[in-house]
Amino acid sequence: MLFGRNKKNPIKIADKKIVEWKYATCGYCSTGCSIEVGFNDEGKAVSSRGVADADVNRGKLCLKGIFEHELFTSAGRSLTPLQRDNWHQSWEKTSWDSALDKVYDGIKTVQEKYGRDSFAVISTGQMLTEEFYTLGKLTRGLIGTNNYDGNTTLCMASAVSGYKRSFGSDGPPGCYEDFEHTDCLIAWGSNLPEQHPIIYWRFKEAQEKRHFPLIVVDPRVTMLAQNADIHLPITPGTDVVLQNALMHVIFKENLHDSDYIKANTNGLDELMAEVEKYDPITAAKICGIDEDTIRSVARLYAGAGAAMSIWTMGINQSTHGSDGVVGINNLALITGNIGKPGGTSLSITGQCNAMGTREWSSCSGLPNHRLLENEQDRKDIAKFWNIDEEFLPKKRGMFQTDIYHAIEAGHIKGLWLIATNPLSSLPNSERVRRAMQKLEFCVVQDCYEDSESNQYAHVYLPAGTWAEKEGVMTNTERRINLINAIIPPPGEAKPDLWIFNQMAKRFNKDNKVNFPDKSADIFLEMGSISKGRLADISGMSHALLEKNRGIQWPYTEQQAAAGEAPPAGGKRLYTETATFRYADGKAKLIPLPFIDNNEVPDEKFPIWLNTGRLIEHWHGRTKTGKIGNNNKYSPIPFIEINPDLALELGIKRGEYVRLVSRRSDAVVMATPTHRVPKNMVFLPFHFHDCANRLTLGLLDPHSRQPAYKQSAVRIERLEDQQAAAQLSMEMRNF
Ligand SMILES: Nc1nc2c(c(=O)[nH]1)N[C@H]1C(S)=C(S)[C@@H](COP(=O)(O)OP(=O)(O)OC[C@H]3O[C@@H](n4cnc5c(=O)[nH]c(N)nc54)[C@H](O)[C@@H]3O)O[C@H]1N2
Ligand SMILES: Nc1nc2c(c(=O)[nH]1)N[C@H]1C(S)=C(S)[C@@H](COP(=O)(O)OP(=O)(O)OC[C@H]3O[C@@H](n4cnc5c(=O)[nH]c(N)nc54)[C@H](O)[C@@H]3O)O[C@H]1N2
Ligand code: SF4
Ligand SMILES: [Mo]
């Protein structure tokens, strides 16, 4: 034995000969980890590491952050602008000037022929905030289309809508530190260990110290559910029923906080009248959670000194997405759990800068949560940008999901896609494909040329990504952090900001509107129009952000001048009585009647299709599909299928099966696991031409976000496994 041990080679860590570490913030998820990239003496990025003194991640990174530097040299990065007259033709390389001129002409032609709003712009949650702000100025102030939205409609729209309905404004009121104070945590439709691994680690550390209960509401036994004290495997799409039943018990047993409700809310009577209908016995039949469990969760939550909820796509991506968010807020408000340490309702955001786009992109309104519907807001911004106030629309235009329906109907004829890939991410992809084929003019601006949507573009603009650009991003807890441009984009690719500024020159011929070149200057401009607002960032600068490893908003110029150390009050919102953003400072308690309007399993399509994510991949895999250490974990599209169902259907582990929905079909590998119940399969949506061929994606009436998590399918065994493997491979090798 000893002999064997002695013979083992000691582990050697290769010396990567790093001569310099450069600071950035991770560009994948919204956790906002501070990261340093190591460069060797040849100037090559060879390593990434977490920043030890950053409060968010305290030296840690997850599987994606650790290999993020490999993006710079990954396959599929584009090197030159491309153009063609229609999408049937092959691409021609072109210069930046001619590509940008073609975009300008294309936009003008469509607008002149069909009207200003017939050209749509769809942006993202994955650029830098200064880029969002500049694109907003260009789109709202110069191009002048009202059909300007972002992929955040697929992601955070329900959270935004729910916050606005409850509190009078968007803006998550809590922070990660709340885990260190809470006495009870409910996680709704959030798979934290896989999708926000470092937030999960912050939670876990706090929980191990103080042992507060974790309650997980998710139809799957996710890794988070496996760690839960109570797992509520809810019937898909019925969270609102559970929320109403929890409130029913809280009121019945007098567990609510009357003083808080009186001082801070309106609408108690209407809410009580609605939840009266949801006694646990009735509710249990709809939401699938038994009455005793409903009662004990209500008691645990309302009885805790401080209780918090977090949620992600299991709530947002539903026909009751916005209502589900309001339900979580209702629960927090009736128990006095807002604005206090450990008592909050915290939406875990998705993309790295989903928050920055909400604050600054002008997609749904005007900068810094200003509204197109508000005359004063329109006046202020028109004056500041030096544009005619009448040029701004008086209400917001279409959401991304409605823009696609309008393309289909022939109302929208031109489209500019920026850092989003709808052919892979919108529901019912064949419908999306047909819509894109109808476009008279389409521009794709992406850091990867092989983004599927680029198949239908007339001009392709190669962009830089992540730390090839300088600017800021806002994370889930409202923390703004800096990314330095630590390496130039490859070939002739350019930072998105540069591209917007070049476009602006073409629309801004008389130079009326100011478009600064430097990201740090744009940030100061944004600071100046944030003064006195909820998201006041006037005390921040790029240099201060790097020094502090991010600062939570608000941080005002007065606080900075007084030398108050950040976060200086930015940790939580609504900490004082009646400081919500409605005119009287009170939040709204909103009744939530439940209407069962989803596609549900039936005889022909008897299985729930649940779609979502894996830790190793990012969305459509334009990035992680090219990084060996990410891709190797799941290079093949697969489903999680319950072993009993697999047995019943005669399907073995590793066999290919065909999933069929009312829309289309997809061939995937079967992975039997007890993580899903017998009437459900889970299909990660990372693989092209797969999950979203099947999804229906009914829209939430308030947020227009698709219900990606609730569709119905049947499963077919495939006799010819060889042919099935080939088919599945062809799909993923697109
Ligand atoms: N590794 C990785 N991390 C990511 C991303 C990524 O692509 N890869 N994407 C980022 C983005 S943009 C986002 S939006 C987030 C998403 O983060 P999450 O929302 O945590 O991830 P999902 O896997 O989409 O869905 C979460 C859970 O919702 C559950 N669910 C389904 N239906 C219901 C329901 O009716 N009720 C409830 N309560 N739960 C339900 C699913 O079973 C699933 O476990 O992740 C971010 N982080
Ligand atoms: N079935 C199903 N579908 C879903 C979901 C689900 O859970 N289930 N989730 C939805 C959610 S929450 C989201 S957020 C969406 C995401 O949907 P998408 O936005 O389509 O997802 P990505 O693949 O991240 O697309 C981003 C694109 O931007 C490019 N890109 C990255 N960084 C930059 C940059 O700095 N500049 C430029 N110009 N380009 C860049 C990438 O190469 C990629 O092509 O998917 C939605 N679709
Ligand atoms: S948790 Fe999110 S922000 Fe942190 S390293 Fe992982 S992907 Fe990046
Ligand atoms: Mo998202």
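All of these numbers come straight from a predicted model, not from anything done at the bench. Just so you know, ligand 1 is whichever comes first in the structure, and atom 1 is the first atom listed for that ligand.
For Gly697, the closest heavy-atom approach to ligand 2 does not fall below 4.0 Å. Distances from ligand 2 to the non-hydrogen atoms of Thr124 include no value under 4.0 Å. Within the 4.0 Å heavy-atom shell around ligand 2 one does not find Ser424.
Looking from atom 47 (N) of ligand 2 to the surrounding protein, the closest heavy atom is Ser425 O, 2.8 Å. Looking at atom 5 (S) of ligand 3, its nearest protein heavy atom turns out to be Cys62 N, 3.4 Å. For atom 8 (N) of ligand 2, the nearest non-hydrogen atom of the protein is Thr611 OG1, 3.0 Å. Nearest non-hydrogen protein atom to atom 12 (S) of ligand 2 is Arg613 NH2, 3.0 Å. The closest protein non-hydrogen atom to atom 1 (S) of ligand 3 is Ile198 CG1, 3.5 Å. In terms of protein heavy-atom proximity, atom 19 (O) of ligand 2 is closest to Asn151 ND2, 2.6 Å. The protein non-hydrogen atom at the shortest distance from atom 8 (Fe) of ligand 3 is Cys26 SG, 2.3 Å. Looking from atom 37 (C) of ligand 2 to the surrounding protein, the closest heavy atom is Ala419 CB, 3.5 Å. Counting protein heavy atoms only, atom 4 (Fe) of ligand 3 is closest to Cys33 SG, 2.3 Å. Considering only non-hydrogen protein atoms, atom 36 (N) of ligand 2 sits nearest to Asp496 OD2, 2.8 Å.
Geometrically, Arg202 does not engage Phe179 in a cation-pi contact defined by less than 6.0 Å to the ring centre and at most 45° from the axis. With Tyr448 as the aromatic partner, Lys623 does not meet the cation-pi criteria of under 6.0 angstrom to the ring centre and within 45 degrees of the ring axis. Stacking of Lys494 on the aromatic ring of Trp498 is recorded, both the 6.0 Å distance cut-off and the 45° axial limit being met.
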- Task: Show your working on ring-ring contact (aromatic ring centres under 6.0 Å, His included) between Tyr456 and Trp87 and close with a plain yes or no.
- Result: CA-CA 5 Å; Tyr456 300 107; Trp87 59 264; 4.9 Å; yes
- Message: Applying side-chain contact (heavy atoms from CB on, under 4.5 Å) to His619 and Phe685, what does each step give before you reach the verdict?
- Response: CA-CA 7 Å; His619 298 170; Phe685 88 102; 3.7 Å; yes
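Taking 2.8 Å as the criterion, Cys29 does not count as a coordinating residue of atom 4 (Fe) of ligand 3, since none of its N, O or S atoms falls below it.
Closest to atom 43 (C) of ligand 2 by heavy atom, among Leu71, Leu461, Asp446, is Asp446. Between the choices Met313, Lys709, Met127, the shortest heavy-atom distance to atom 7 (O) of ligand 2 belongs to Lys709.
Annotation for ligand 3: atoms under 4.0 Å from non-hydrogen atoms of Pro197 are 1 (S). Taking a cut-off of under 4.0 Å to the non-hydrogen atoms of Gly32, the atoms of ligand 3 that pass are 3 (S). Heavy-atom contacts of Thr31 reach the following atoms of ligand 3: 1 (S), 2 (Fe), 3 (S) (cutoff under 4.0 Å).
For ligand 2, the polar-atom distance check finds no N/O of Ser451 at less than 3.5 Å from any of the ligand's N/O atoms. For a threshold of 3.5 Å applied to N or O pairs, the pair formed by His619 and ligand 2 contains at least one separation below that value.
Under 4.0 Å from ligand 2, the heavy atoms of Thr622 that appear belong solely to its side chain.
In this structure, Glu470 does not pair ionically with Lys518, as no charged nitrogen and carboxylate oxygen lie closer than 4.0 Å. Lys632 and Glu616 are not joined by a salt bridge, as no carboxylate oxygen comes within less than 4.0 angstrom of a charged side-chain nitrogen.
Between the side chains of Asp450 and Thr622, no donor-acceptor pair is found at a separation under 3.5 Å. Between Glu131 and Trp360, the side chains place no donor N or O within less than 3.5 Å of an acceptor N or O (distance only, hydrogens not considered). Inspection of the Thr31 and His196 side chains reveals no N or O donor paired with an N or O acceptor under 3.5 Å.
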